[in-house]
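As structure tokens, the structure follows; a few thoughts come after it.
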Amino acid sequence: MYEGKGDWNYLQCTWYSWQSLNAGVLLFFSSIVGLKITTYNEKEERRRNLLKAKALLPDALSELSTYLESSGSFLKEVLIKTKEKDTKKPLENQPPDLPMNYKNIFANCIHFGEPDVADYLIFILGRLQVHNSRINSLSRGFDEVIPTKLFYHNIISYLYCFAELKALIDKLYPFARGLEKLDTSNLVLNDYLNVYHHFAIWPEDYEGLKEATERFIQRNNKDTRN
């Protein structure tokens with residue numbers, strides 16, 4: 001005979017012990033289920049918020065593209081005048097104002113997006129600020145510039161950095177339209193050449209442009225690998 005057989009007090013104690021254990025187990029599994037539900041809801045809310053932000057991304061890209069079109073025309077004129085040593089005449093083109101609406105849209109995409117999307121957009125934001133500062137500094141006192149070889153190579157560096165920026169923004173369009181995942185692969189020479197050709201800038205007409213672009217790409221790819 002096992003201990004306590006037929007003892008009502010023993011049965012009650014055993015029942016209470018098992019009841020406490022069962023309650024603990026149920027509470028534990030309930031907590032797991034609740035956590036999973038909470039996590040799922042948070043992911044769904046994040047996904048919906050990202051979709052809302054992405055819905056406005058084409059508008060942001062449109063205004064940035066307009067800005068870059070004007071920027072490219074400005075840089076092309078500076079490049080031509082510098083090459084021809086014709087810096088005494090006033091520039092016909094002026095640097096455009098950097099738009100503002102894209103900032104909030106980018107900020108929301110960065111907040112709700114995956115890390116690779118956030119890093120990509122943050123990189124573009126930084127490049128935009130540098131580019132805008134450069135073209136504005138160029139426009140001030142350009143007629144006092146001495147078109148030395150060093151100044152020419154500075155303009156070449158501004159140009160390939162601009163090409164990088166435009167190519168990066170162009171790669172956002174399929175993602176913004178929901179057609180495919182964001183392509184975060186490194187830019188290649190053809191990406192830069194496509195930008196130059198878009199503005200009718202032919203690298204063979206400008207000494208060192210293609211070679212400087214290739215060196216810039218190599219440095220960028222090396223930094224990415226490291």
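Values below: all heavy atoms of this structure, side chains included; hydrogens, waters and symmetry mates excluded. Only a predicted model underlies this, so the values are computations on that prediction, with no experimental measurement involved.
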| Can you tell if the side chain of Y120 reaches within under 4.5 Å of the side chain of F175, non-hydrogen atoms only? | no
| Is a donor on one side and an acceptor on the other found under 3.5 Å between the side chain of K171 and the backbone of S185? | yes
| task | Might you work through the side chain to side chain contact (heavy atoms under 4.5 Å, CB included) test for N101 and D59, ending with a clear yes or no? | result | CA-CA 9 Å; N101 292 336; D59 292 337; over 6 Å; no
| Same cluster (ILVMFWY, side-chain, under 4.5 Å), F123 and L128 | yes
| field | Sub-4.5 Å side-chain heavy-atom contact between L91 and V78 | value | yes
| task | Using the six-membered ring of Y206, assess whether NZ or CZ of K83 lies under 6.0 Å from its centre and within 45 degrees of the ring axis. | result | yes
| query | Quick one: are F112 and K54 in side-chain contact, heavy atoms under 4.5 Å? | reply | no
| query | Can you name the nearest heavy-atom pair linking L138 to Y158, along with the distance? | reply | CD1-CD1, 3.6 Å
| Do V195 and F162 come within less than 4.5 Å of each other through their side chains, counting heavy atoms only? | yes
| If you look at every heavy atom in N136 and P95, which pair is closest and at what distance? | OD1-CG, 3.9 Å
| query | What distance separates I110 CD1 from K103 NZ, expressed to the nearest 0.5 Å? | reply | 12.0 Å
| query | To the nearest 0.5 Å, what is the distance between NE2 (H153) and OG1 (T148)? | reply | 9.5 Å
| S65 and Y173 side chains, donor-acceptor separation under 3.5 Å | yes
| 4.5 Å side-chain heavy-atom contact, P99 and L64 | yes
| task | Indicate, with yes or no, if F199 and L189 share a hydrophobic cluster defined by side-chain heavy-atom contacts under 4.5 Å among Ile, Leu, Val, Met, Phe, Trp and Tyr. | result | yes
| message | If hydrophobic clusters are built from ILVMFWY residues whose side chains come within less than 4.5 Å, do V130 and I124 share one? | response | no
| query | Does a side-chain heavy-atom distance below 4.5 Å link N221 with F216? | reply | no
| note | Output for pair (F74 CZ, I135 CD1), nearest 0.5 Å, gives 6.5 Å
| said: Which label fits Y102 and F106: parallel for a plane angle under 30°, tilted from 30 to 60°, or perpendicular past 60°? | reply: perpendicular
| said: Does atom CD (E92) have a neighbourhood of more than 12 heavy atoms from anything else shown, all under 6.0 Å? | reply: no
| Taking the side chain from E77 and the backbone from N93, do they hold a donor-acceptor pair closer than 3.5 Å? | yes
| query | Just how far is it from atom CD1 of I169 to atom CZ of R127, taken to the nearest 0.5 Å? | reply | 12.0 Å
| query | Under 4.5 Å between side-chain heavy atoms, hopping through other hydrophobics if needed: is there a path connecting V188 to L193? | reply | no
| request: Hey, could you give me the CZ/CG distance between R177 and L61, rounded to the nearest 0.5 Å? | output: 8.5 Å
| Over all atoms of both residues, closest heavy-atom pair of I156 and A212 | CG2-CB, 3.9 Å
| request: Measure across D116 and T184 and return the closest heavy-atom pair with its distance rounded to 0.1 Å. | output: O-CG2, 4.3 Å
| request: Work out which heavy atom in H197 is nearest to a heavy atom in P203; give both atom names and the distance. | output: NE2-CD, 4.0 Å
| field | Donor on one side chain, acceptor on other, Y67 and D97, under 3.5 Å | value | no
| message | Show the nearest heavy-atom pair for residues L182 and V117, with the distance to one decimal. | response | CD2-CA, 3.8 Å
| Approximate separation, where rounding is to 0.5 Å, of E164 CD and L187 CG | 6.0 Å
| said: Side-chain heavy atoms nearer than 4.5 Å, only ILVMFWY residues, links allowed to pass through others: does that put L209 and W202 together? | reply: no
| message | Let's go through H131 and L75 carefully: what are the C-alpha distance in whole Å and the side-chain angles of both, what is the deciding distance for side chain to side chain contact (heavy atoms under 4.5 Å, CB included) to 0.1 Å, and is it a yes or a no? | response | CA-CA 11 Å; H131 167 74; L75 276 176; 4.0 Å; yes
| query | Stepwise, does the side chain to side chain contact (heavy atoms under 4.5 Å, CB included) test hold for Y192 with E214? | reply | CA-CA 9 Å; Y192 292 80; E214 289 173 332; over 6 Å; no
| said: Are I155 and L159 packed together at the side-chain level, in the sense that at least one heavy-atom pair is separated by less than 4.5 angstrom? | reply: no
| said: Are more than 12 heavy atoms, taken from residues, nucleotides or ligands other than K181, located less than 6.0 Å from that residue's NZ atom? | reply: no
| request: Give the C-alpha distance, both sets of side-chain angles, the deciding distance and a yes or no for side chain to side chain contact (heavy atoms under 4.5 Å, CB included) between Q129 and L98. | output: CA-CA 9 Å; Q129 296 303 317; L98 187 62; 3.7 Å; yes
| field | Pairwise salt bridge (charged side-chain N to carboxylate O under 4.0 Å, His left out) hits with a residue in residues 186-213, at least two apart | value | K149-E207
